Student: 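Take this structure, written in structure tokens, and hold onto it; I'll ask about it next.
Not measured: the values here are computed from a predicted model. One-based numbering along the sequence shown.
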Amino acid sequence: MTAEMLPAETVRDEAGQVLLYSWHDFVETICQGNCCFVCGASPREKKFNDEHIVPNWVLHRFDLHSKNLTLPNGNEHKYGTYTVPCCVECNTTMAETFETPMSRLFDAGAGAIQDFVAEKGPLIPFTWMALIFLKMHLKDGRMRRHLDRRKGDELISEDYVWEHMHHLHAVARAFTVKAEVEAKAFGSMFVFPIRGDGTTDAFDLATFTEAQTLYIRLGSTGIVAVFDDACAAIHGIYPLLEKLDGPLSWTQAREVAARMALANLDLENRPSFWTHISSDKEKVIIGGTTDTAPRFRKLNAELYGQTMAGVFRDLPPVDGYTPEQAMSALQAGSITFLFDDHGNFIHDHAPKPPVGVKA
Ligand SMILES: [Zn+2]
């Protein structure tokens with residue numbers, strides 16, 4: 001979905017550090033090799049210690065090490081061993097640059113991440129989200145789709161178009177080459193409060209691969225980020241977000257994530273992204289080019305239904321429906337948890353707790 005103007009050759013600085021990957025080298029080194037996913041060093045060149053995909057401090061705070069997440073092929077994987085290859089140097093820098101501030105913001109309580117973004121901009125939380133989305137997809141490129149080899153050897157990532165993730169990778173590793181990231185190189189990010197409903201400590205996570213969208217819930221804070229829309233998606237659904245004048249239930253939060261993903265899928269005039277490197281290779285700027293105003297396709301109920309079904313494999317009870325009826329109505333795109341029949345935000349929406357994280 002992403003258009004990018006990229007050189008055929010990888011560009012390195014005087015010390016040999018990669019400033020910009022060619023598509024070919026990005027796919028071969030970062031997506032398909034066993035190199036550090038940040039700097040591209042091979043395990044023969046540097047010391048490695050694998051990086052947790054969901055950061056270790058999150059696993060501690062929500063007691064997730066021995067719990068499972070569901071992979072795109074339906075298999076389960078323990079959070080504690082869900083890792084990707086990373087060199088010690090990049091791992092340490094990422095911990096200092098992103099994990100320490102993010103864990104402090106989380107500890108500061110509800111609203112701290114929103115306040116931080118309003119005051120200091122999206123760079124740290126957005127990059128933190130981009131790194132998690134990237135790591136999850138790189139991991140899919142290292143795991144077979146079928147545990148039973150007789151069913152074939154393809155990888156979970158078989159259908160991914162790695163080139164579409166080049167821009168995401170460039171932004172996620174901008175810190176390592178001290179690149180300046182312009183506003184249009186960022187994507188949409190929405191941070192919002194989530195109601196306890198007896199699940200104040202809950203962790204939740206959902207990805208939309210094609211829509212390059214990630215949703216994470218850390219207790220009473222929800223974050224949705226879209227990585228390749230140059231902030232179009234959030235403008236597209238702003239009239240909807242404006243109506244959310246209170247904390248969201250867990251189903252409402254997932255619906256917001258699905259709607260942001262859908263807005264990105266419906267964006268007609270895609271942005272293009274570029275990286276400028278000064279002739280002395282001292283300055284790297286990552287930017288984006290967009291039309292004056294984003295244009296969106298008309299809402300397609302079926303696509304909305306498919307996107308919702310992606311995040312509601314375990315659907316909570318819906319009033320007036322049997323579980324089967326509720327699922328087919330959801331898939332047909334006729335269920336919303338956010339609004340009542342008059343289009344007003346449902347403040348007292350109180351579904352049963354999520355079952356997404358399994359012990
Ligand atoms: Zn590295």
Student: Which heavy atom of L105 sits nearest to which heavy atom of I113, and what is that distance?
Tutor: CB-CG1, 3.9 Å
Student: Quick check: are there more than 12 heavy atoms from other residues, nucleotides or ligands sitting under 6.0 Å from CD of E14?
Tutor: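 Counting neighbours around CD of E14, 12 or fewer heavy atoms of other residues, nucleotides or ligands fall under 6.0 Å, so no.
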Student: Look only at the side chain of H169 and the backbone of C31, and say whether a donor-acceptor pair between them is shorter than 3.5 Å.
Tutor: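 Checked: no pair found.
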Student: Is it true that L155 and M165 fall in one hydrophobic cluster, defined by side-chain heavy atoms closer than 4.5 Å?
Tutor: no
Student: When you compare the side chain of E163 with that of V27, does any pair of heavy atoms fall below 4.5 Å?
Tutor: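 In short, these two side chains touch, coming nearer than 4.5 Å.
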Student: Would you kindly say whether W57 and E99 are connected by a side-chain donor-acceptor distance under 3.5 Å?
Tutor: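 A donor-acceptor contact under 3.5 Å links the two side chains.
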Student: By the definition side chain to side chain donor-acceptor pair (under 3.5 Å), identify the one residue from R259, Q212, R270 that meets it with N264.
Tutor: R270
Student: Would a distance-only check, ignoring hydrogens and angles, find a side-chain to backbone donor-acceptor pair under 3.5 Å from R142 to G33?
Tutor: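 A pair under 3.5 Å: yes.
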Student: Say whether H65 and N56, considering side chains only, have a donor N or O and an acceptor N or O under 3.5 Å apart.
Tutor: yes
Student: Donor-acceptor pair, T70 side chain versus G74 backbone, under 3.5 Å?
Tutor: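 The answer is no, because no donor-acceptor pair under 3.5 Å joins these two groups.
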Student: Fit a plane to each ring of W250 and F312, take the angle between them on a 0 to 90° scale, and name the class: parallel (under 30°), tilted (30 to 60°) or perpendicular (over 60°).
Tutor: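 Taking F312 first and then W250, their aromatic rings sit tilted (interplane angle of 30° to 60°).
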Student: Side chains of L214 and F208, heavy atoms from C-beta outward: is any pair under 4.5 Å?
Tutor: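 Of all side-chain heavy-atom pairs linking F208 with L214, none is under 4.5 Å.
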Student: Would you confirm whether S188, through its side chain, and I234, through its main-chain N or O, come within 3.5 Å as a donor-acceptor pair?
Tutor: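 Confirmed, S188 side chain pairs with I234 backbone.
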Student: Would D107 and R61 satisfy salt bridge (Lys or Arg N to Asp or Glu O under 4.0 Å), going step by step from the backbone distance to the final call?
Tutor: CA-CA 10 Å; D107 289 342; R61 298 292 201 285; 2.7 Å; yes
Student: Check for me, please, whether L241 and F296 land in the same ILVMFWY cluster - side-chain distances under 4.5 Å, paths through other members count.
Tutor: no
Student: Give me the atom names and distance for the closest heavy-atom approach of P239 to H235.
Tutor: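 The answer is CD-O, 4.1 Å.
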Student: Please check if any side-chain donor atom of S157 sits under 3.5 Å from a side-chain acceptor atom of D140, or the reverse.
Tutor: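 No, because no side-chain N or O of S157 sits under 3.5 Å from a partner of the opposite role on D140.
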Student: Please find the pair of heavy atoms, one from A293 and one from N269, that lie closest to each other, and give the distance.
Tutor: O-ND2, 2.9 Å
Student: Do you know the tightest heavy-atom contact between A211 and A261?
Tutor: CB-O, 3.5 Å
Student: Between F227 and F186, is the ring centre distance below 6.0 Å?
Tutor: no
Student: Please indicate whether H77 has more than 12 foreign heavy atoms, meaning atoms of other residues, nucleotides or ligands, lying under 6.0 Å from its NE2.
Tutor: yes
Student: Checking K67 side chain against Y79 main chain: does a donor-acceptor pair fall under 3.5 Å?
Tutor: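 Looks like no, no N/O pair under 3.5 Å.
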Student: Do L244 and V256 have side chains that approach each other closer than 4.5 Å (heavy atoms only, starting at C-beta)?
Tutor: yes
Student: Inspect the surroundings of CZ in R104 and state if more than 12 heavy atoms from other residues, nucleotides or ligands are less than 6.0 Å away.
Tutor: no
Student: Going by heavy atoms in the side chains, are C36 and E51 under 4.5 Å from each other?
Tutor: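 When only atoms from C-beta onward are counted, E51 and C36 do not touch, as no gap falls below 4.5 Å.
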Student: Taking C-beta and beyond as the side chain, do I194 and F192 meet within less than 4.5 Å on heavy atoms?
Tutor: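 Counting from C-beta outward, I194 and F192 do come under 4.5 Å.
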Student: Check whether the ring centres of H347 and F345 lie less than 6.0 Å apart, and answer yes or no.
Tutor: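 Yes: the rings meet the under 6.0 Å criterion.
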Student: Between the side chains of K184 and T290, does any donor sit under 3.5 Å from an acceptor?
Tutor: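 The criterion, which ignores hydrogens and geometry beyond distance, is satisfied for T290 and K184.
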Student: Please determine whether residues L248 and M260 belong to a single hydrophobic cluster, defined as Ile, Leu, Val, Met, Phe, Trp and Tyr linked transitively by side-chain heavy-atom distances below 4.5 Å.
Tutor: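 They do share one cluster, since a chain of ILVMFWY contacts under 4.5 Å joins L248 to M260.
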Student: Counting only N and O atoms by type, is there a donor-acceptor contact under 3.5 Å from the side chain of N300 to the main-chain atoms of L303?
Tutor: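 Checked: pair present.
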Student: Taking all heavy atoms of E96 and all of P101, pick out the closest pair and write down the distance.
Tutor: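 Closest heavy-atom pair between E96 and P101: O-CD, 3.4 Å.
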Student: Between T275 and I286 (side chain of the first, backbone of the second, donor and acceptor by atom type, cut-off under 3.5 Å), is there such a pair?
Tutor: no
Student: For the backbone of D25 and the side chain of E28, can you confirm whether one donor and one acceptor N or O come within less than 3.5 Å of each other?
Tutor: no
Student: Would you please indicate if the ring centroids of H166 and Y21 are separated by under 6.0 Å?
Tutor: no
Student: With a 4.5 Å cut-off on side-chain heavy-atom distances among I, L, V, M, F, W and Y, is there a chain of contacts connecting V226 to Y238?
Tutor: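 Not linked; separate clusters.
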Student: When you group the ILVMFWY residues by side-chain heavy-atom contacts below 4.5 Å and let the links chain together, are V161 and F133 in the same group?
Tutor: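 Different clusters.
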Student: Indicate yes or no for a side-chain donor-acceptor contact from S328 to the backbone of E324 under 3.5 Å, with no hydrogens or angles considered.
Tutor: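 Checked: pair present.
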Student: Could you tell me if the side chain of E89 sits less than 4.5 Å from the side chain of K47, heavy atoms only?
Tutor: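 Not touching, per the 4.5 Å side-chain cut-off.
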Student: Cation over ring, K243 on F339, under 6.0 Å and within 45°?
Tutor: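 So K243 does make the cation-pi contact.
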Student: Verify salt bridge (Lys or Arg N to Asp or Glu O under 4.0 Å) between E158 and R145, making sure each step is shown before the conclusion.
Tutor: CA-CA 8 Å; E158 195 71 14; R145 185 176 284 176; 5.8 Å; no
Student: Taking F175 as the fixed residue, which of F126, W128, F98 is the one that meets the ring pair (Phe, Tyr, Trp, His ring centres under 6.0 Å) rule?
Tutor: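 Exactly one candidate clears the test, F98.
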Student: Side-chain contact test, heavy atoms from C-beta onward, threshold under 4.5 Å: evaluate it for Q252 versus I346 and give yes or no.
Tutor: yes
Student: For the atom pair OG1 (T307) and CD (E255), what is the distance rounded to the nearest 0.5 Å?
Tutor: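 T307 atom OG1 to E255 atom CD measures 11.0 Å (nearest 0.5 Å).
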Student: Between G111 and T221, which heavy-atom pair has the shortest distance, and what is it?
Tutor: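 So the two residues come closest at N-OG1, 4.4 Å.
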Student: I'd like to know if the side chain of S278 and the backbone of K283 have a donor-acceptor N/O pair within less than 3.5 Å.
Tutor: yes
Student: Out of V84, L205, L59, which residue meets the side-chain contact (heavy atoms from CB on, under 4.5 Å) rule with I53?
Tutor: V84
Student: Quick one, L64 and F203 - any side-chain contact, counting heavy atoms below 4.5 Å?
Tutor: yes
